[in-house]
Amino acid sequence: MTRYLISFDDGSMTFPEEELPKVAEASHKVVREAQDAGVWVFGGGLERQRASIVSTDGTVAHGPYPETKAVLGGFSIIDVPSREEALEWAAKIAAACRCAQEVREIMPD
């Protein structure tokens, strides 16, 4: 099987704040479905704008930088037999989270 990263940009979840409980419930339902299907590896939301960049010489800079166009807001990692199945899971996540999802194949170890 192949692992896929399904992610969305910070700020792309745009819905009224009072709908957050419904969105959270729908999202957790998809996670449980993926767990029950045996394809869920890991996932979660990320603290907004709290990246630190560690360079090869050990220097630490806090980012993201203003020229960054997109900042990762959250992600899921699934392990499925095909890209088509990864896209199906991304569609379920997109519907639950109410925002588009990006799908990328993770290179093997």
Side-chain angles (χ1 to χ4, degrees):
M1 297 224 287
T2 304
R3 290 186 176 186
Y4 290 87
L5 171 70
I6 302 173
S7 63
F8 62 92
D9 290 342
D10 185 41
S12 65
M13 294 176 77
T14 56
F15 49 82
E17 188 173 331
E18 61 270 8
E19 293 182 23
L20 181 59
K22 288 182 181 180
V23 172
E25 181 181 330
S27 299
H28 289 125
K29 182 178 178 182
V30 173
V31 169
R32 286 190 302 274
E33 182 182 350
Q35 289 171 330
D36 291 345
V39 301
W40 183 258
V41 176
F42 183 77
L46 301 175
E47 283 290 332
R48 175 174 268 186
Q49 308 283 334
R50 302 250 179 176
S52 295
I53 312 305
V54 182
S55 67
T56 56
D57 68 359
T59 305
V60 177
H62 300 287
Y65 299 102
E67 64 270 11
T68 301
K69 294 180 183 173
V71 177
L72 191 62
F75 68 96
S76 304
I77 297 177
I78 59 170
D79 196 359
V80 294
S82 68
R83 183 171 191 78
E84 290 73 24
E85 191 170 337
L87 295 172
E88 290 171 10
W89 282 105
K92 292 177 184 186
I93 294 168
C97 293
R98 301 184 187 176
C99 66
Q101 302 290 309
E102 182 176 303
V103 179
R104 293 182 178 204
E105 185 174 332
I106 297 175
M107 295 173 60
D109 294 342

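Note on Met1: it does not cluster hydrophobically with Met107, by side-chain heavy-atom contacts below 4.5 Å among ILVMFWY residues. In the hydrophobic clustering of this structure, Phe8 does not group with Leu46; members are Ile, Leu, Val, Met, Phe, Trp, Tyr whose side-chain heavy atoms approach within less than 4.5 Å, directly or through other members.
Partners of Arg104 according to the salt bridge (Lys or Arg N to Asp or Glu O under 4.0 Å) rule, which considers only residues two or more places apart in sequence or in another chain, are Glu102. With sequence neighbours left out, Arg98 forms a salt bridge (Lys or Arg N to Asp or Glu O under 4.0 Å) with Glu19.
The 12-atom threshold is exceeded at CD of Glu18, counting heavy atoms of other residues, nucleotides or ligands nearer than 6.0 Å. Annotation for Asp57: atom CG counts as buried by contact number, over 12 foreign heavy atoms lying within 6.0 Å.
Across Ala90 and Gln101, no two heavy atoms sit closer than the pair O-CG, 3.7 Å. The two residues Ser12 and Cys99 come nearest to each other via the heavy atoms O-CB, 3.4 Å.
With Ser27 contributing its side chain and Val23 its backbone, the two residues share a donor-acceptor pair below 3.5 Å.
Hydrophobic cluster membership for Ile93: Tyr4, Ile6, Val30, Val31, Val39, Trp40, Ile78, Val80, Leu87, Trp89, Val103 (Ile, Leu, Val, Met, Phe, Trp, Tyr linked by side-chain heavy atoms under 4.5 Å, directly or transitively).
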Take Glu105 and Arg83 through the salt bridge (charged side-chain N to carboxylate O under 4.0 Å, His left out) test and state the conclusion after the steps. CA-CA 8 Å; Glu105 185 174 332; Arg83 183 171 191 78; 5.1 Å; no
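Looking only at side-chain heavy atoms (C-beta outward), Ile77 and Ile106 come within less than 4.5 Å of each other.
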